[in-house]
Amino acid sequence: MNESLYPFVNHTTYDLKALGAMNRLAELSVRREKSRKTKGVCGVLGLVGLVGGVYLYPHQNLVGSLLMLYGVILLVLLMSWKNFQLRSSQRQLPRNMRECTYEFDEEEILCTTEAGEQRYTYEQVFAVVADLEWYVIFFDASHGIILSKNGFTTGDPKDFKAFIGQHTQLPIQEY
């Protein structure tokens, strides 16, 4: 790779910190409604299972016990939602894609990993989200790339913000 051809080059490791930030920023932005609905349904069903189980237990021990167990499982899942999402993201990411180098030019985004290269156009970008340490570029509500602001080897995060905003024609959502 010839970094001099690209105004911005970023190297990011998809470790637990990066995946956690990506999930958090997705939940705050592109998956806000879906996450809220999923957690709401999980909480309501958990409470219904727990209350129903307590109510039925004296009369039908097996059904009451199963409903209480179902309710407890759903409530525990709700309380550990972020950890569940993080572990799920970690399992879905192939090992040969954990070290990523992103190169940005006027036409496209080039992602290079041990698995090979993948190219994205700026028209494919659905949303751009940032916080103090990260940029996340989403291609839909479930797929995106994360860039560590400390990972720029060419260009800097402040200039990148203007560049990505101009090329995607999207506002940068900041959290």
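Source: prediction; values computed, not measured.
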Is it true that atom CZ of F84 has more than 12 heavy atoms of other residues, nucleotides or ligands lying nearer than 6.0 Å?
no
If two hydrophobic side chains count as joined below 4.5 Å and joins carry through other members, does F126 share a cluster with V136?
yes
Heavy-atom side-chain proximity of L67 to V51 below 4.5 angstrom
no
Least distance between heavy atoms, L56 atom then G64 atom:
CB-CA, 4.1 Å
Connected via hydrophobic side-chain network under 4.5 Å: F152 and W134
yes
Where do V129 and L28 land on the side chain to side chain contact (heavy atoms under 4.5 Å, CB included) test, with the steps shown first?
CA-CA 9 Å; V129 183; L28 289 170; over 6 Å; no
Give the C-alpha distance, both sets of side-chain angles, the deciding distance and a yes or no for salt bridge (charged side-chain N to carboxylate O under 4.0 Å, His left out) between R119 and E117.
CA-CA 7 Å; R119 296 175 185 276; E117 291 182 353; 3.6 Å; yes
For E27, is there an ion pair with K39 - N to carboxylate O distance below 4.0 angstrom?
yes
Determine, stepwise, if the pair E133 / K17 fulfils salt bridge (charged side-chain N to carboxylate O under 4.0 Å, His left out).
CA-CA 11 Å; E133 297 181 56; K17 185 177 178 185; 3.1 Å; yes
What are the two closest heavy atoms between Q173 and A127, and how far apart are they?
NE2-CB, 3.8 Å
Kindly state whether the ring of F8 and the ring of F160 have centres lying under 6.0 angstrom apart.
yes
Any salt bridge linking D131 with K149? Criterion: basic side-chain nitrogen under 4.0 Å from a carboxylate oxygen.
no
Give a yes or no on whether E33 atom CD has more than 12 heavy-atom contacts from other residues, nucleotides or ligands under 6.0 Å away.
yes
When you measure from the side chain of R36 to the backbone N and O of R32, does any donor-acceptor pair fall under 3.5 Å?
no
Looking just at side-chain N and O atoms, do Q124 and Y122 make a donor-acceptor pair shorter than 3.5 Å?
no
Nearest 0.5 Å, what's the CH2-SG distance between W81 and C42?
6.5 Å
Y102 and T12: which non-hydrogen atoms are nearest, and at how many Å?
CE1-CB, 4.5 Å
Hey, is the main chain of Y57 close enough, under 3.5 Å, to the side chain of Q60 for a donor-acceptor pair?
no
Classify the side-chain pair T153/H11 by whether it contains a donor and acceptor separated by less than 3.5 Å.
no
Does the side chain to side chain contact (heavy atoms under 4.5 Å, CB included) test come out yes or no for F138 and I145, once each step is laid out?
CA-CA 6 Å; F138 289 102; I145 59 175; over 6 Å; no
Between I172 and I164, does the side chain to side chain contact (heavy atoms under 4.5 Å, CB included) criterion hold? Intermediate values first, please.
CA-CA 9 Å; I172 312 302; I164 199 69; 3.7 Å; yes
Which atom names give the shortest non-hydrogen contact between F139 and G144, and what distance separates them?
CD1-CA, 3.9 Å
For Y70 against G49, the heavy-atom pair lying closest together:
CD2-CA, 4.3 Å
Quick check: is M97 connected to Y14 through a chain of hydrophobic side chains (ILVMFWY, heavy atoms under 4.5 Å apart)?
yes
From CG (L86) to CG (L19), nearest 0.5 Å
6.0 Å
Can you see whether T13 engages E99 through a side-chain donor-acceptor pair at a distance of less than 3.5 angstrom?
yes
Step-by-step side chain to side chain contact (heavy atoms under 4.5 Å, CB included) determination, E103 to E108:
CA-CA 8 Å; E103 299 166 310; E108 65 184 357; over 6 Å; no
N/O donor-acceptor pair under 3.5 Å between R98 side chain and D15 backbone:
no
Between the side chains of N23 and S89, does any donor sit under 3.5 Å from an acceptor?
yes
